[in-house]
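What follows is a set of notes on a single structure, which appears directly below.
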Amino acid sequence: DVENALKKACANISSYNNSKHKELNRVRIGGISGNNVNGTIKRCINKGTITGVWTGGISGMNGSDSGEGAIYECANYGSVSGVQSTYTGVITYAGGITGANAINNDGIIEDCYNAGPITASKGNESSVGGIVGKGIAGGATATQKNTYNRGITTGATYNRRSYRHG
């Protein structure tokens with residue numbers, strides 16, 4: 001996790017999977033950070049395959065209850081897959097840059113690019129996006145500037161509803 005820190009000029013080529021965790025605070029996963037709180041991620045690239053519940057190519061969550069998050073000049077080329085949690089009632093979010101942005105605190109994403117495929121399969125509810133899977137909750141402000149997606153987004157649901165954003 002990035003907390004009160006700057007992560008700059010980094011890359012990930014490994015694959016990660018956290019879909020089996022039963023604890024709510026363990027469902028966030030990204031190629032660079034699981035949870036970006038009061039932190040800045042800048043000029044980072046993910047080329048790995050990332051699988052989890054709140055899943056992003058760069059960060060699983062950007063800005064949360066604990067503080068704001070910022071992601072600048074980052075790119076995702078890896079495959080991102082959101083899957084159903086074993087923790088009851090958790091919604092699946094998958095995004096090329098972040099799975100969830102600005103959840104109860106502000107989240108900034110600028111000058112970012114996604115070229116990887118983004119999918120969400122299984123689960124009661126899912127939200128999928130080329131840049132952000134789920135944005136804005138709890139009165140927070142989400143800023144998204146100069147972002148571009150060319151990856152394919154695919155969402156599926158079995159019981160309730162699914163949202164898909166380009």
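Along the sequence shown, residues are numbered consecutively beginning with 1.
- At least one side-chain heavy atom of Ile109 sits less than 4.5 Å from a side-chain heavy atom of Asn101.
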**OP:** In sequence, state the C-alpha distance, the side-chain angles, and the governing distance for Ser127 and Thr92, and then conclude on side-chain contact (heavy atoms from CB on, under 4.5 Å).
**Re:** CA-CA 6 Å; Ser127 187; Thr92 300; over 6 Å; no
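- For Thr143, the side chain to side chain contact (heavy atoms under 4.5 Å, CB included) partners at least two apart in sequence or on another chain are Ile108, Glu110, Thr141, Lys145.
- In this structure Cys112 satisfies the disulfide bond (SG atoms under 2.5 Å apart) test with no other residue, sequence neighbours excluded.
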Original post:
Passes side-chain contact (heavy atoms from CB on, under 4.5 Å), Ile118 versus Thr154? Steps please.
Top reply: CA-CA 6 Å; Ile118 313 300; Thr154 307; over 6 Å; no
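- Under a 3.5 Å cut-off, the side chain of Asn36 and the backbone N or O of Asn62 do not form any donor-acceptor pair.
- Here Asn35 contributes atom CG and Ser59 contributes atom OG; the two are 6.5 Å apart, rounded to the nearest 0.5 Å.
- Between Trp54 and Tyr93, the two ring planes are tilted [angle within 30° to 60°].
- Ile41 is not connected to Ile45 by any chain of hydrophobic side-chain contacts under 4.5 Å among Ile, Leu, Val, Met, Phe, Trp and Tyr, and they are in different clusters.
- With rounding to the nearest 0.5 Å, the separation of OG in Ser33 from CG in Asn12 is 11.5 Å.
- Judged purely by atom type and a 3.5 angstrom limit, Thr55 has no side-chain atom pairing as donor or acceptor with the backbone of Gly99.
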Which pairs of donor and acceptor atoms, one on a side chain in residues 68-82, lie under 3.5 Å apart (sequence neighbours left out)?
unit_1	atom_1	unit_2	atom_2	d
Glu73	OE1	Arg43	NE	2.8
Asn76	OD1	Asn46	ND2	2.7
Asn76	OD1	Gly78	N	3.2
Asn76	ND2	Gly78	O	3.0
Asn76	ND2	Asn114	OD1	2.8
Ser81	OG	Thr119	OG1	3.3

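- Taking each heavy atom of Ser64 and Asn105 in turn, the nearest pair found is O-CB, 2.9 Å.
- Residue pairs satisfying the disulfide (SG to SG under 2.5 Å) criterion with at least one member in residues 36-68, sequence neighbours excluded, are listed as follows: Cys10-Cys44.
- Using a 4.5 Å cut-off on side-chain heavy atoms (C-beta onward), Val83 and Thr51 make contact.
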